[in-house]
Structure formats: structure tokens, C-alpha cells
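Indexing begins at 1, ligand by ligand and atom by atom, following the structure's order. The figures here come from the full heavy-atom set of this structure, side chains too, leaving out hydrogens, waters and symmetry mates. Quantities reported herein were computed from a predicted structural model and do not represent experimental measurements.
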Amino acid sequence: MSERQRIGFIGLGAMGSLMAQHLVSVGVQVVAFDVDETKRRQFEFFADSPADVAKDVEWVICMLPHPDVLQNVLLGKHGIRETARPGTMVIDMSTSGPDIDVFCAQALEPSGVELIDAPVGKGTWAAGQGALTILAGGTSDQIARATWLLRLLGTKIIHCGPLGSGQVVKLGNNIATCANLAAVYEAYQFATSNGANVEALLEVMRETAADSWQLNNTVPRALANDFSLGFKSSLALKDLTLTLSRAATEGLHLPCTQGALTWYQRSVDAGDGDRDLGVIFKQSARLID
Ligand code: NAD
């Protein structure tokens, strides 16, 4: 990047704050917004609303917790549509599902504002280092124009197809991610209930086809009762819910996804929605105590 660019960034949570700070660290001027005033005030340039962000930038990144929030930020009162100039490009890097991105892109089109989807793989550890895997959806021309910015945030950019394709790939990836952790949790519950040596179980899994990123990263933290920062169980529940809703419209039956959802739902119901998804290990799988 030859000159200092100015971009808007909306949603400064576990991921967004690190991504936005990383952009600042490589010389991008970030105009930040989050409903939480404390979070936006941590940036040198901050705005009071999404409309305030969009009024003098050509690029806006969204990293938001839910599709309804995204729709409101883009199209609602004091939303981006109110002030964005023709030629502005919105990049939805949240996991929002394909339908809302397509809907919002169509709603923004008359204003000359474009939207692409670019949800991300990997977590907070990669967000702060510009090392994300980015799953982009849009036309080849749109992705080419956005690449200068996506490259600052990710080491790998995969063009998945037209608008919404990045979201579909991301939801598919999260079936495997969330169901994998649920499967390790069930193996753990089964082994402990049967009096097995848990360390032996974990060692065998690491040595065999049961090995996984979740086993080596999320599980040790969960077993140490560390459920801090990472991917909230409420976000896992949101992703699996979006997946099943989309699958239903395609007439697909995904019992493994449905089963995994049960564990994240239980954690959210128990008040642990804001804790890392490894919090499912706090539960008991016993039907009879
Ligand atoms: P988070 O809950 O930590 O952060 C969301 C932020 O959005 C919060 O700071 C919240 O205050 C803000 N917000 C809520 N409503 C708002 C509004 N109307 N306007 C502006 N800001 C608003 O979530 P996160 O972990 O940062 O995840 C963000 C997105 O990225 C989600 O869609 C998630 O599924 C996805 N994601 C997360 C991870 C991860 O490891 N945490 C990894 C990949 C993808």
C-alpha cells in the first residue's frame, strides 16, 4: 500500500478489535465504531454511528455478531446506507450466512454501494497478526479490487464464488469445527463415565485419526477450566442454527450438525454463551445422576 488509506470498521469484539488494531499497526487509518462506546474510544478515529463511519470512507469492514445486527448496521436508522457514497465497498467479514448478504447487497445497490462477503477462518490468535484465512464471495472484479485490504488481514484469500459463497463455505467449515469439538467432548464423557484413564484417551486420540485442532487447542484449555477469549459458545450456536436453517431450505438432513447444536444450546441456556465454546466441557452428559 503506497499511501495511507482510510477505512471504516464496525464491530470491535473479540475478532474485530484485533483486526482493526492490526490494520492501524500497518498504517491504515481506521474509523472505528461499536455500540460499546468504550471499545470505539480505544481508536484514535472513531464514529458515533455506522452512518457517521460511512460518510467519508470508501471501504467499510463489518465484524458483527448476528445477521440481524448486520442488517441494522447497513440498512437501519443511522445505518451505512444513509450516508455512503456511490463506489463504497462494504466487506462483511462476520459469519452472517449467505441470505442476509445477498439481501443487503440488493438493498444497497440503488445507492451505488457494493457488498462482498469475506468471513474468516482461524480465530483471535490469527486476527491480531493479519494471518486469517479469508473466504471471499463476490465477482472476480470485486475480489480483485478488495484484495489490497484483505491481504492486510489474511495470509490466505480463497475466492469461493459469487456473493454469499464465502458464507456457505464458512458455515460448512463450522459444521466440522463445532461438531468435532462436540465429538471429542462425547468421547471424554463416555470414557470418564466408564472409569477410563482420561490422559490415555487424549493421548490415543492425538496418535490416531481422532487427532484435531480442537483436541490440541480448545480441549486442554477447557479441561483447565479456561473458557476465556476465543469463539463464544453463543456464536457456535448462531452458526449451527444458520446452517440448519439454510439446509432446511435445500431439503438437507444434517443429524451430526443437529446433535452438535444441542451441546452449544445447553451452554447458552446455562448462561455460558459469552464464554469460549470449550465451555461445553463443563456440562454433564448423564441422563441419570
Ligand atoms: P463478539 O461478540 O466478541 O463481538 C461482536 C461486537 O459487535 C461486540 O463488540 C459488540 O459490542 C458489537 N456490536 C453488537 N451490535 C452492534 C451494532 N449494532 N453496531 C456496532 N457494533 C455492534 O464476536 P467476535 O468473536 O468478534 O465475532 C464476530 C463475528 O466473527 C461473528 O459473526 C463470529 O461468528 C465471527 N467469527 C468469530 C471467530 C472467533 O474466533 N471469535 C472466528 C471466525 C469468525
remark   = Closest to atom 35 (C) of ligand 1 (heavy atoms only, candidates Thr38, Thr95, Ile10) is Thr95
inquiry  = Checking a contact table here: which protein heavy atom is nearest atom 7 (O) of ligand 1, and how many Å away?
reply    = Pro65 CD, 3.5 Å
query = Hey, does Lys122 sit under 4.0 Å from ligand 1 if you only count heavy atoms?
reply = yes
note = Closest to atom 17 (C) of ligand 1 among protein heavy atoms sits Val35 CG1, 3.5 Å
query = Can you say whether the rings of Tyr188 and Phe281 are parallel (under 30°), tilted (30 to 60°) or perpendicular (over 60°)?
reply = tilted
note = Of Asn174, Thr257, Asn173, Thr177, the one forming a side chain to side chain donor-acceptor pair (under 3.5 Å) with Asp239 is Asn174
message = List ligand 1 atoms under 4.0 Å from Lys170, heavy atoms only on the residue side.
response = 43 (C)
message = For atom 12 (C) of ligand 1, what's the nearest protein heavy-atom neighbour? Residue, atom name and distance, please.
response = Asp34 OD2, 3.2 Å
key: Heavy-atom nearest neighbour in the protein, as seen from atom 26 (O) of ligand 1, with distance rounded to 0.1 Å   = Met15 N, 2.8 Å
task = Answer yes when Asp272 and Lys282 have at least one side-chain N-carboxylate O distance shorter than 4.0 Å, and no when they do not.
result = yes
ask   = Crowded around Arg85 CZ? As in, over 12 foreign heavy atoms under 6.0 Å?
value = yes
Check: Arg40 side chain, Ala32 main-chain N or O, donor-acceptor pair, under 3.5 Å = no
Options Thr124, Leu18, Val120, Leu235, ranked by nearest heavy atom to atom 24 (P) of ligand 1, top entry = Leu235
request  = Measure from atom 31 (C) of ligand 1 to every heavy atom in Val73, Thr177, Leu64, Val69 and give the option owning the shortest one.
outcome  = Leu64
Lys/Arg-Asp/Glu bridge criterion (N-O < 4.0 Å) met for Glu114, Arg145 = yes
ask   = Identify the closest protein heavy atom to atom 3 (O) of ligand 1: which residue and atom is it, and at what distance?
value = Ala14 N, 2.9 Å
key: Protein contact of atom 2 (O) of ligand 1 - nearest heavy atom, named by residue and atom, plus distance   = Lys232 NZ, 2.7 Å
key: Exam field: side chain Asn72 to backbone Asp68, donor-acceptor pair closer than 3.5 Å   = no
task = Identify, for atom 30 (O) of ligand 1, the protein heavy atom at the shortest distance, and state residue, atom and that distance.
result = Met63 CE, 3.0 Å
ask   = Between the side chains of Glu186 and Trp263, is a donor N or O closer than 3.5 angstrom to an acceptor N or O?
value = yes
Identity and distance of the protein heavy atom lying nearest atom 41 (N) of ligand 1 = Gly230 O, 3.0 Å
key: Ser111 side chain to Val113 backbone, donor-acceptor under 3.5 Å   = no
request  = Find all atoms of ligand 1 within a distance of less than 4.0 Å from any non-hydrogen atom belonging to Gly123, and give their numbers and elements.
outcome  = 40 (O)
ask   = Should you measure from each heavy atom of Ser94, which atoms of ligand 1 turn up under 4.0 Å away?
value = 32 (O)
query = For ligand 1, is Met93 a contact, meaning one of its heavy atoms is under 4.0 Å away?
reply = no
ask   = Hey, does the side chain of Asp34 reach the backbone of Leu12 with a donor-acceptor pair shorter than 3.5 angstrom?
value = yes
message = Under 4.0 Å, counting heavy atoms only: does Asn72 come that close to any atom of ligand 1?
response = no
query = Looking only at side chains, do Asp141 and Thr139 share a donor and an acceptor under 3.5 Å apart?
reply = no
